[in-house]
2 protein chains.
Amino acid sequence: MKELLMYFNRFQALPPEAEKAITEICSMITIKRNEDLQSIGHTCLTIYFVKKGIARIYYYKDGIDITESFSPENTIIARVESLFTGTPSRKAIQIVEDAEIIAINATKLFQLYDTFPAIERLFRKIFESAYVETVNRIESIQFHSAEERYLALLQDTPNIIQRVPLKCIASYLGITQVSLSRIRANIK
Amino acid sequence: MKELLMYFNRFQALPPEAEKAITEICSMITIKRNEDLQSIGHTCLTIYFVKKGIARIYYYKDGIDITESFSPENTIIARVESLFTGTPSRKAIQIVEDAEIIAINATKLFQLYDTFPAIERLFRKIFESAYVETVNRIESIQFHSAEERYLALLQDTPNIIQRVPLKCIASYLGITQVSLSRIRANIK
DNA sequence: TTGGTTGCCTGACCTTTGTGAAGAATTAAA
DNA sequence: TTTAATTCTTCACAAAGGTCAGGCAACCAA
């Protein structure tokens, strides 16, 4: 749980009672590669923190598996379009590499917002930061070529490329596996 | 100011003192077509509400004017990647159609968060909702053809297409004006 | 009225990426 | 160790979209 509290502290300091309250609504999950942490059609009521391993959000578009995002160690993962709207998600969370996950009960968390303004503030900041990343990602998708995006990923998070199957990387970049192969061949 | 308070109320009810406090950090701006409300390089410390007219966020990529988003009546517009990080923005806000804008002083707003938890909660919800829209937009950009995206825009916000120059629509859709013209010719 | 500017459309050609199929290479299973 | 299943790469061809250039209509300003 230490990692999670350190992660929180980078956004917002919490009084000890608030830390304790959060800790009490968390549970540890150990889960193996290729298993789904949450499945398609399920309404998201949990926010996950990846302590070890890698997770990804994916969904099916015309029968093809599309990766929306990766979450390596020390990151938060949640299907926000379901969490914030209360509607079922068309997306699933899958474990890409054997993982230890901390699950935060979002229903209880939102109740804590009333008791601990610092917790509401903490998660406001966490999701503001995620929002900014998403806005930047749009720019990257829309106005950089597939090769530029691959190189950027290589530079920003080289360990993801080494630890995740190429087909997931390809769909994350918005291209086919074939195109990614060509790009890789070109670079060398 | 009535429109703004009604907009707020859709997300979160505010006590009268909180409404009054927000009203006091707002100012009205009347501004003409083609003028920049905020310019490139400026750090964003203002959140805008469009009361009348249309605004857009744009930036230059390789010398070409790219539209990131449109904001018609009764929407909020802000360059969040600057507002939430405190760094200068590479983007500008331009008025596309003569407008009346309510400017909310974000520095003072963030101070109000300490006095009025309901205000912090209100803006948390506003930006959570914007975040969800942005996540959905990625899906739209990445996995729909230019024609599908144009048709979706036609369906969702037909009035934007009628009120905004086609070159802005094209760059918003991530294509050239030429391609957009061909798509339009194809549809008829 | 004329000339300049802007916004939108069209044609010819080129580049990037997708599709379908098939072949290495790696890994897992028997 | 051999077979089977994945994973990744490569090829030939097709489609989507980009680039460059030109054209026409509408709208100003002189």
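In the text below, chain A, chain B and the rest are named by the order of the sequence lines, each starting its count at 1.
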Rounded to whole angstrom units, what separation is found between the CG atom of A/Asp62 and the P atom of C/dG18? 14 Å
Separation of B/Arg163 atom CZ from C/dG7 atom P, in whole Å? 18 Å
Co-membership, hydrophobic cluster, residues A/Ile138 and B/Ile57, 4.5 Å side-chain: no
Under 3.5 Å, sequence neighbours excluded: what are the donor-acceptor pairs made by side chains of residues 9-19 of chain A?
from	atom 1	to	atom 2	distance (Å)
A/Gln12	OE1	A/Lys125	NZ	2.7

Tabulate atom names and distances for all N/O pairs under 3.5 angstrom spanning the protein and nucleotides 4-8 of chain D.
from	atom 1	to	atom 2	distance (Å)
D/dT7	OP2	A/Lys167	NZ	3.4
D/dC8	OP1	A/Leu166	N	3.4
D/dC8	OP2	A/Leu166	N	3.1

Answer yes when A/Glu147 and A/Arg182 have at least one side-chain N-carboxylate O distance shorter than 4.0 Å, and no when they do not. no
All N/O contacts under 3.5 Å from nucleotides 16-18 of chain D to the protein, with atom names and distances to one decimal?
from	atom 1	to	atom 2	distance (Å)
D/dG17	OP1	B/Ala146	N	3.0
D/dG18	OP2	B/Thr176	N	3.3
D/dG18	OP2	B/Thr176	OG1	3.3
D/dG18	OP2	B/Ser179	OG	2.3
D/dG18	N7	B/Arg182	NH2	3.2
D/dG18	O6	B/Arg182	NH2	3.4

Tell me the closest heavy-atom pair linking A/Ser171 and A/Thr67, and the distance in Å. OG-N, 2.8 Å
Is the cationic atom of A/Arg137 (NZ for Lys, CZ for Arg) positioned less than 6.0 Å from the six-membered ring centroid of A/Phe70 and within 45 degrees of its normal? no
Can you find a side-chain donor-acceptor pair between A/Arg184 and A/Tyr150 that sits under 3.5 Å? yes
In degrees, rounded to 10°, what is the bend between the two ends of the helix from C/dT1-D/dA30 to C/dA30-D/dT1, using five pairs at each? 30°
Indicate whether any N or O donor in one side chain lies under 3.5 Å from an N or O acceptor in the other, for A/Ser140 and A/Arg149. no
Using whole Å, report how far CG of B/Asp65 lies from C1' of C/dT6. 14 Å
How about B/Arg163: does its CZ atom have over 12 heavy atoms from other parts shown lying under 6.0 Å from it? yes
How are the rings of B/Phe127 and A/Tyr131 set to each other: parallel, tilted or perpendicular (split at 30° and 60°)? tilted
Can you name the nearest heavy-atom pair linking B/Ile175 to B/Ile183, along with the distance? CD1-CD1, 3.9 Å
Rounded to whole Å, CG of A/Asn34 lies from P of C/dT27 at a distance of 15 Å
Around atom NZ of A/Lys61, are there more than 12 heavy atoms of other residues, nucleotides or ligands at under 6.0 Å? yes
Pull out every residue in residues 53-60 of chain B that has a heavy atom closer than 4.0 Å to any atom of DNA chain D, ordered by number, or say none. none
Show me the side-chain donor-acceptor pairs of residues 35-42 of chain A shorter than 3.5 Å, one per line, residues at least two apart or across chains.
from	atom 1	to	atom 2	distance (Å)
A/Asp36	OD1	A/Tyr58	OH	3.2
A/Asp36	OD2	A/Tyr58	OH	2.9
A/Gln38	OE1	A/Arg79	NH2	2.4
A/Gln38	NE2	A/Tyr48	OH	3.0

Rounded to whole angstroms, how far apart are CD on B/Glu148 and C1' on D/dA15? 14 Å
Nearest whole angstrom, please: distance from the P of C/dT17 to the OH of A/Tyr150. 15 Å
Given A/Phe123, which partner from the list A/Phe110, A/Tyr7, A/Phe8 fulfils the ring-ring contact (aromatic ring centres under 6.0 Å, His included) test? A/Phe8
